[in-house]
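Note that these values count all heavy atoms, side chains included, but never hydrogens, waters or copies made by symmetry.
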Amino acid sequence: MSGDGQGRHHWFDDEAGPVVRPYAMTRGRTTSAGQHRLDLIAVVVTEPDTGDPEADPTLSPEHVEIVALCRDTPQSVAEIAAELDLPVGVVRVLVGDLVHAELVHVTRPVPPAELPDEIILRDVINGLRAL
């Protein structure tokens with residue numbers, strides 16, 4: 001025991017990493033149903049009628065944190081991973097679980113290439129006005 005004030009139960013340090021390893025959070029799974037839609041920019045939104053996720057004994061603390069994060073403001077998979085300091089692969093599995101449990105849904109941002117050009121929209125508006 002050292003006199004560094006850390007106590008006798010402090011057997012790890014900050015460089016050791018998380019006490020719970022990522023594979024334990026996902027129960028050893030590396031994929032989940034519907035994960036094909038969960039790239040870094042996929043946006044996770046908590047379902048409006050979702051009650052208190054803490055009351056569900058099948059959810060881990062990380063599941064509960066994801067639901068809470070996305071309740072007020074939809075978050076991308078990358079933002080969730082950064083906020084929870086978890087690997088993206090783990091977040092994808094956890095979000096997949098939440099989608100399967102119908103606690104959240106995933107939306108896809110519209111790629112800029114698929115947005116209509118402003119000139120086309122103006123032409124449509126002008127054409128409608130001319131009717």
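- Taking the side chain as every heavy atom from C-beta outward, Leu69 and Glu83 approach each other to under 4.5 Å.
- When side chains are defined from C-beta on, Val91 does not count as touching Val44, because their heavy atoms never get closer than 4.5 Å.
- Contact of the Val43 side chain with the Val106 side chain is not registered, since no non-hydrogen atoms from C-beta on lie closer than 4.5 Å.
- The environment of Ile119 atom CD1 is sparse: at most 12 non-hydrogen atoms of other residues, nucleotides or ligands sit within 6.0 angstrom.
- Under the 4.5 Å side-chain criterion, counting only non-hydrogen atoms from C-beta, Val99 is not in contact with His105.
- Panel note: side chain Ser76, backbone Ile41; no donor-acceptor pair is recorded below 3.5 Å.
- Note that CG of Leu103 and CG of Leu59 are 6.0 Å apart. Values are rounded to the nearest 0.5 Å.
- Closest of all the heavy-atom pairs between Thr46 and Arg71 is OG1-N, 3.2 Å.
- Counting non-hydrogen atoms of other residues, nucleotides and ligands closer than 6.0 Å to CG of Asp85 gives a total of 12 or fewer.
- Considering CD1 of Ile80 and CZ of Arg92, their distance stands at 12.5 Å, rounded to 0.5 Å.
- With hydrophobic clusters built from ILVMFWY side chains whose heavy atoms lie under 4.5 angstrom apart, Leu40 does not share a cluster with Val45.
- Distance check: Leu98 CG to Glu62 CD gives 11.0 Å after rounding to the nearest 0.5 Å.
- Side-chain contact check for Ile66 versus Val95: some heavy-atom pair is nearer than 4.5 Å.
- Minimum heavy-atom separation, Ala42 to Arg108: CB-NH1, 3.7 Å.
- In this structure, the side chain of Gln75 engages the main chain of Thr73 through a donor-acceptor pair within 3.5 Å.
- Between Glu65 and Leu84, the shortest heavy-atom contact is OE1-CD2, 3.3 Å.
- Under the 4.5 Å side-chain contact rule for hydrophobic residues, Leu131 and Val124 share a cluster.
- Taken from CD1 in Ile120 to CD1 in Ile125, the straight-line distance is 12.5 Å, to the nearest 0.5 Å.
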